[in-house]
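Each remark here refers to the structure printed beneath this line.
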There are 2 protein chains.
Amino acid sequence: MALAKPKRADARRNYDQIVAAAEAEIDRHGADASLEEIARRAGVGSATLHRHFPTRQALLEAVFHDRVEVLCAQADELAKRPDAGAALVDWLRAVAVYGATTRGLARSLLDGGRDPAPPVDSTCEAMLVGAGGELLRLAHDAAAVRPEVSIVDLLTLVNAVSLATEGSTDAAAEATRLVDLALEGVRPRG
Amino acid sequence: MALAKPKRADARRNYDQIVAAAEAEIDRHGADASLEEIARRAGVGSATLHRHFPTRQALLEAVFHDRVEVLCAQADELAKRPDAGAALVDWLRAVAVYGATTRGLARSLLDGGRDPAPPVDSTCEAMLVGAGGELLRLAHDAAAVRPEVSIVDLLTLVNAVSLATEGSTDAAAEATRLVDLALEGVRPRG
DNA sequence: GTACGATATGGGGCGGCACCCCGGTTCACC
DNA sequence: GGTGAACCGGGGTGCCGCCCCATATCGTAC
């Protein structure tokens with residue numbers, strides 16, 4: 001379901017170069033890096049970039065697709081663990097750290113969940129919801145999580161933490177701390 | 001300690017007009033509204049805007065200063081209530097809703113907490129930390145909150161929620177739900 | 001009420017950006 | 001190798017943030 005586009009060889013080559021350049025540039029300057037600069041570094045004209053990626057969000061999705069896949073694979077792995085509650089928490093922590101340390105990812109996911117007309121309904125968001133949903137289901141079955149908690153809310157919360165900690169010194173530690181706080185709550189456990 | 005600047009009458013007038021125009025424009029287009037457009041609507045040259053507010057963050061701080069003061073006053077009021085835990089939670093909810101429904105505020109607070117060289121160390125952030133810190137102290141005294149929870153973490157979390165929900169349809173409801181989730185935690189209460 | 005220096009103003013210039021048009025080039029297939 | 005379709009990218013347009021400096025305005029002392 002993903003092999004409809006690859007038309008010509010040079011187009012494919014440029015596509016890959018653009019994604020690679022975008023990856024580097026976004027890592028340097030965040031989610032709103034200069035598209036012109038990306039095109040320049042990729043060695044293509046800016047028109048080519050705009051043809052391949054009609055919107056900035058499309059480019060971000062392409063750049064982060066692989067990384068999100070890694071997170072989803074991790075979720076599948078964690079799903080095998082006996083303690084479903086801990087598995088879910090571990091995964092959410094991993095997502096938060098990933099988002100906090102990978103510049104632009106959190107922003108991309110946030111905007112992706114907003115877009116009025118998602119071209120192919122924001123894939124990254126959907127992937128995470130799918131993988132996390134399974135973990136949450138298991139946690140629910142184990143009564144490790146309150147029943148009214150939804151995966152969308154959890155991911156929004158975790159992504160919010162990524163967003164807020166991205167760029168801090170030691171973003172990973174801060175993201176972890178905040179996610180733990182959010183998942184555990186503020187009241188003392190009685 | 002805030003009356004060092006007001007020098008000339010026309011300057012003051014332009015300053016106020018710029019802030020008013022910025023308020024309207026930010027409400028329309030979010031935290032990265034066009035500064036040129038703001039200057040235009042304020043009836044001043046763009047140079048004047050840049051002279052009064054050397055950085056975008058400075059303008060945001062000026063725009064949101066009053067609103068943040070309202071929140072702080074609300075905190076002082078809540079501090080009188082007998083149930084310190086509930087007071088803290090109510091206030092954090094209010095902050096989240098305020099941030100989620102006031103375009104640009106959350107972004108402003110986020111960036112304010114980051115700035116390498118805060119001109120007069122981001123005032124809005126400091127005000128909230130001060131007012132919220134008192135509420136948290138009371139909650140700590142009442143043992144309504146785990147001792148390792150800090151006000152900075154709480155505000156970061158709440159602001160993260162604002163950031164993530166700003167722009168959603170019914171941002172207030174979503175922000176409230178997520179804050180409640182974060183403050184309560186995901187595990188069932190035993 | 002006038003004159004004068006300090007203070008503030010804004011038109012206009014500069015560099016950079018996103019986005020798009022269209023003549024020219026390159027590929028894939030025969 | 002030839003041909004049509006797919007693709008490319010230089011360069012144009014309009015908008016932006018930011019800054020310089022000749023000019024206008026204010027506050028004050030007389």
Side-chain angles (χ1 to χ4, degrees), chain A residues 3-26 28-63 103-104 107-108 111 115-117 119, chain B residues 3-26 28-63 103-104 107-108 111-112 114-117 119:
Chain A
L3 299 178
K5 304 174 94 180
K7 292 279 178 124
R8 253 170 62 170
D10 54 344
R12 181 92 210 155
R13 205 161 46 86
N14 280 337
Y15 181 100
D16 291 340
Q17 281 174 306
I18 290 171
V19 170
E23 193 169 330
E25 206 57 18
I26 288 170
R28 239 192 301 277
H29 297 108
D32 34 35
S34 159
L35 298 181
E36 298 280 320
E37 181 66 18
I38 290 172
R40 224 170 288 136
R41 301 227 180 208
V44 306
S46 63
T48 300
L49 186 148
H50 284 283
R51 198 174 314 112
H52 281 292
F53 306 98
T55 155
R56 175 183 293 273
Q57 183 60 27
L59 178 57
L60 291 174
E61 292 275 342
V63 166
R103 297 200 64 177
R107 271 285 294 283
S108 167
D111 296 347
D115 271 349
Chain B
L3 300 177
K5 304 174 94 180
K7 292 279 179 128
R8 250 171 64 171
D10 54 345
R12 181 91 210 155
R13 205 162 45 86
N14 280 336
Y15 180 100
D16 292 341
Q17 280 173 306
I18 291 171
V19 170
E23 195 169 327
E25 206 56 19
I26 289 170
R28 238 192 302 276
H29 298 108
D32 34 35
S34 159
L35 299 181
E36 299 279 320
E37 181 65 19
I38 290 172
R40 225 171 287 137
R41 301 225 180 207
V44 304
S46 63
T48 299
L49 186 148
H50 284 283
R51 198 175 315 111
H52 282 292
F53 306 98
T55 154
R56 175 183 293 272
Q57 182 61 26
L59 178 56
L60 291 174
E61 292 275 343
V63 166
R103 297 199 65 176
R107 272 284 294 282
S108 166
D111 296 348
R114 284 226 194 309
D115 271 349

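Just so it is clear: chains get the letters A, B, ... in the order the sequence lines come, proteins before strands, and each one is counted from 1.
Here dC8(D) presents its P atom at 8 Å from CD1 of Ile18(A), a figure rounded to the nearest Å. Rounded to whole angstrom, the span from the CZ atom of Arg12(B) across to the C1' atom of dT9(C) amounts to 18 Å. Summarising the geometry, the separation between CG on Leu49(A) and P on dC7(D) is reported as 16 Å, rounded to the nearest angstrom.
Separation of atoms NE2 (His29(A)) and CD1 (Ile26(A)) is listed at 11.5 Å; rounding is to 0.5 Å. With rounding to the nearest 0.5 angstrom, the CD1 atom of Ile18(B) is 6.5 Å from the OG1 atom of Thr48(B).
In this structure, Tyr15(B) and Phe53(B) have tilted ring planes: the angle between them lies in the 30° to 60° band.
Residues satisfying the side-chain hydrogen bond (donor to acceptor under 3.5 Å, both in side chains) criterion with Arg40(B), sequence neighbours excluded, are Glu37(B). Annotation: side chain to side chain contact (heavy atoms under 4.5 Å, CB included) contacts of Asp16(A) (sequence neighbours excluded): Arg12(A). For Asp32(B), the side chain to side chain contact (heavy atoms under 4.5 Å, CB included) test picks out Arg56(B), Arg107(B), with sequence neighbours left out. For Glu25(A), the salt bridge (Lys or Arg N to Asp or Glu O under 4.0 Å) partners are Arg28(A), Arg41(A), not counting sequence neighbours.
Using a 4.5 Å heavy-atom threshold, the side chains of Leu59(B) and Leu35(B) count as touching.
For the pair Asn14(B) and dA8(C), the criterion of a side-chain N or O lying under 4.0 Å from OP1 or OP2 is not met. The shortest distance between the side-chain N/O atoms of His52(A) and the OP1/OP2 oxygens of dC8(D) is below 4.0 Å.
Remark on the helix from dG1(C)-dC30(D) to dC30(C)-dG1(D): inter-end axis angle 10°, axes from five-pair C1' superpositions, rounded to 10°.
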Inset, instruction - Report, as a single string ordered 5' to 3', how protein heavy atoms within less than 4.0 Å touch nucleotides 14-25 of chain D: B base, S sugar-phosphate only, - not at all. - result: --SBBBB----B
